[in-house]
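Okay, structure first, notes after.
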Amino acid sequence: MTSVDFSHKTVEMIDVVKKFGDFTANDRISLTVHRGEVHALLGENGAGKTTLMNCLYGLYRPTEGVIRVNGEDVVISDPNVAIGHGIGMVHQHFKLVEPFTVAENIVLGREPTKTLGRLDMAEAERQVAEISERYGLSVDPQALIQDISVGSQQRVEILKALYRGAEILILDEPTAVLTPSEIKELITIIDNLTSEGKSIIIITHKLHEIKLVADYCTIIRRGTFIDRVEVAKVSEQELAAKMVGRDVSFSVSKSEVVQGDRALTVDNLVVRDNRGIAAVNGLDLQLYHSEILGIAGVDGNGQSQLVEALMGLRQVESGRILLKDHDITHATPRQIIGDHHICSIPEDRQKRGLVLEFDVAENLILETYMRPPFSRRGVLDNGEIYRFADHCAETFDIRPRNTGLQAKSLSGGNQQKVIIAREVSNNPDILVASQPTRGLDVGAIEYVHKALIEQRDNGKAVLLISFELDEIINVADRIAVIFEGRIIGILDGDEADENRIGLLMAGGSA
Amino acid sequence: METFVNDIAFIIGTTLMYSTPLIFAAVGGVITERSGIINIGLEGMMYFGAFVGAAVAYFSGDPWLGFFCAGLAGASLGLLHAIATVSFSAEQIVSGIAMNFLGVGFALFISRLVFDGATQTLTVPKKIPLPLDFLFGEGKLFASSGFMDLVFNRFATVYLAFILVFVAWFVLYKTSLGMRLRAVGEHPEAADSLGISVFKIRYGAVITSGFLAGLGGAAMSIAVVSRFSNTLISGHGFIALAAMIFGKWKPQGALLACLIFGGAKGLEIYMGAKGVPIPSGLLATLPYVLTIVILVGWVGRSQPPASIGKIFDKGEN
Ligand SMILES: Nc1ncnc2c1ncn2[C@@H]1O[C@H](COP(=O)(O)OP(=O)(O)O)[C@@H](O)[C@H]1O
Ligand SMILES: [Mg+2]
């Protein structure tokens, strides 16, 4: 934070407009970044952050506006030009060639060669090792991308930019896919880079990260410029309000509810993952009506396998799952959803939660299409389906209201609303929510939390799995900490504090 | 014993001869599909190449000119396929089918015009030469119809096919051009974001595949036989396509698969010549059946390049 050199403006974007046909994604947005500065670009999903940065990186050509790099007007017609001006970009969805090695991905397009255009991979690996050492980005140059963790993949993306001599690095939602410890590493890397005089533009909608790393912040909303602020001088609340355009409450308001009867019992459950390792390893759990039970833990401690076993998507090795007194250990997904009234908000909403090519209405009846009123004798009744869908869109505020749109054209937050609408209108007794707010902005997160609490208030049992400790502490009535496939501690929501849970999550005893 | 050894040599020799047209086309297939564009038009491109090669060789008397023009004929269809699929994001299978109709249509149309309404060319005065005879004189290096002669004294196209496989392997895996081409086929957005022109690479790859398929056609019409006829290329382009898939989208793998097919063809011809009492129609299916059985049973699942057949949209407008 002390490394900003105000005498040197590395990037100035002035009144940039970007239109897609009639739609204006960026409407006269300006942005200034200095040498050594970490500049955050803040906005809700769909606000136009990625579009703006794609203009800077030459993937899109701005419709209007001026871009200056190091004080000079430039026209960035393609990424090569951007690279030539020292601009590098790490995209939100990584652009890595999976079957290639780390070194191959880094040098691609600028490969060191010998005579006859032959690749010089030894030289490439040497250079990669050199840069990775210099900035503390540890990678194995010879590993294949498909074999390394998401955190390492991100380091490869950063190395790609540094290899091309980037002085200005754009990071598009870099923390969305990282675990808390990987986020810490990333912050260290960012500090290393700025202390070398590089400028960073970081896109995020996680406010505490902005407070942690950024010097300045530009806020945009629905494609328009809202404000540019010095991060140290504003609170998270103020940032959120500027981003969403209204006040957002962080602390979730919950009424007191008395815990109900036992809804679900998990008894000594063992579930193997794809590699055959017991990812869930003797897990015990009780879930009651009128409560939200939060499962806290670091990613990869068996959360996914537990949910898959509960929903009938993964074979249970041993142990039992009891619904009241009824054994549902080996029930099929359709029995679980249809007969036992357990519904889930899956962790990967694009893979498991939605059929992206289907429209919103079709996605809303994925679990009920085979029953009246949506179908009779195997024939779908589109009138009923769209009537129901429009009703859902209204009740759950799915935007845009057009339920004939493909699910993939919706923003992440609205995709999640479609899933919530489907699961909640199915009127489940038990709702299993895995990472329901992953990748969503504060407005949408608030919405999801309210929906979960409403379920609890209506006497349902809610199981909330999340890697975000804040979320668990804010929303859950009881908190179970999962570690290496077992619940190693249960705390009451009121008495839980971050340090105690953090300790348990790392395998310590509270 | 002598005849047995010679029989083996005969089978190996015919194997090489019949594999050659497939190898050209299959390597072409590898190159285009590695860049992410499916080309099921190989058949039509071979067909057109086979005709143009024979026609040019007939009129000019120069088989090499014919061979080269066959490549250009295939490449011209490749260009059309590239315009449709790369520039206009047309469905690649549909465009490929169109190429198959076009290749056959062009060939027969021009044939009728210049060969008095016939759907075949006249016999070319000179076929593609045998390089060993050319270099050392006929029967000088190896005794005529001896083992070595039967195996190695083959058309220049056979040697070229093997050289082509090596060159394609070298370019794909050892040069920066090849790495870029494979990157474009796996993840065009990634390549694009690094300033690699997906457009140029794909145009180059599709046109090259047409060129090679055209050469493959000529390797049939002016080497294996000495004229073009309307049934000369019957499914060879599709066999080459299958060989490319069974060969896991690698030049060396495609070579192996083509050799297996060629081997089955060699066996068919050998058994036919020996008068094995199997109906000739049934015998003719042998290469196809054997190829499928061997390859399905023996080669595992193969993974196509990730972006294959998908439309690459720069998102720019
Ligand atoms: N290539 C494109 N064509 C049409 N619309 C687009 C394109 N890219 C983005 N948009 C639209 O522009 C808006 C801003 O998108 P984006 O910049 O990705 O938002 P953010 O990164 O802030 O979440 C969205 O409404 C999106 O649908
Ligand atoms: Mg974005």
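The sequence lines fix the lettering, A, B, ..., with proteins before strands; numbering per chain opens at 1. The basis for the numbers below is simple: all heavy atoms, side chains too, and nothing from hydrogens, waters or symmetry mates.
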- Message: Assess the residue pair A:R126 and A:E130 against the criterion (salt bridge (charged side-chain N to carboxylate O under 4.0 Å, His left out)); give the C-alpha distance rounded to whole Å, side-chain angles, the decisive distance to 0.1 Å, and a yes or no.
- Response: CA-CA 6 Å; A:R126 194 190 62 71; A:E130 189 184 300; 3.1 Å; yes

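- For a residue to count as touching a neighbouring chain, one of its non-hydrogen atoms must lie under 4.5 Å from one of that chain's; by this rule A:N105 touches chain B with the backbone only.
- For chain A, the nearby part of B:F170 is the side chain; its heavy atoms alone come within less than 4.5 Å.
- Taking CD1 from A:I202 and NZ from A:K49, the interatomic distance works out to 12.5 Å, rounded to the nearest 0.5 Å.
- Looking at A:H93, neither its backbone nor its side chain comes within 4.5 Å of chain B, counting heavy atoms on both sides.
- Between B:F67 and B:W64, the ring planes are perpendicular. Angles over 60° get that label, and only those under 30° would be called parallel.
- In terms of non-hydrogen atom pairs under 4.5 Å with chain A, the most contact-rich of B:E189, B:R180, B:E186 is B:R180.
- Contact annotation for A:L108: both backbone and side-chain heavy atoms come within less than 4.5 Å of a heavy atom of chain B.
- Contacts between A:Y57 and chain B at a heavy-atom distance below 4.5 Å involve the side chain alone, from C-beta outward.
- For A:K114, no part lies near chain B; criterion is any non-hydrogen pair under 4.5 Å.
- Cation-pi geometry between B:K310 and B:F312 is not met at under 6.0 angstrom from the ring centre and within 45 degrees of the axis.
- At a 4.5 Å heavy-atom cutoff, A:P112 makes no contact with chain B through either its backbone or its side chain.
- Note: B:F166 and B:F162 fail the aromatic proximity criterion, with ring centroids not under 6.0 Å apart.
- At least one side-chain heavy atom of A:P174 sits less than 4.5 Å from a side-chain heavy atom of A:Q154.
- The candidate with the highest count of non-hydrogen atom pairs below 4.5 Å against chain A, out of B:G195, B:A191, B:S193, is B:S193.
- With contacts defined as side-chain heavy-atom distances shorter than 4.5 Å, the pair A:V66/A:R68 qualifies.
- More than 12 heavy-atom neighbours from other residues, nucleotides or ligands sit within 6.0 angstrom of OH on B:Y173.
- Looking at A:R164, the atoms closer than 4.5 Å to chain B (heavy atoms on both sides) all sit in the side chain, from C-beta outward.
- For A:E104, the parts lying near chain B are the backbone and the side chain together; criterion is any non-hydrogen pair under 4.5 Å.
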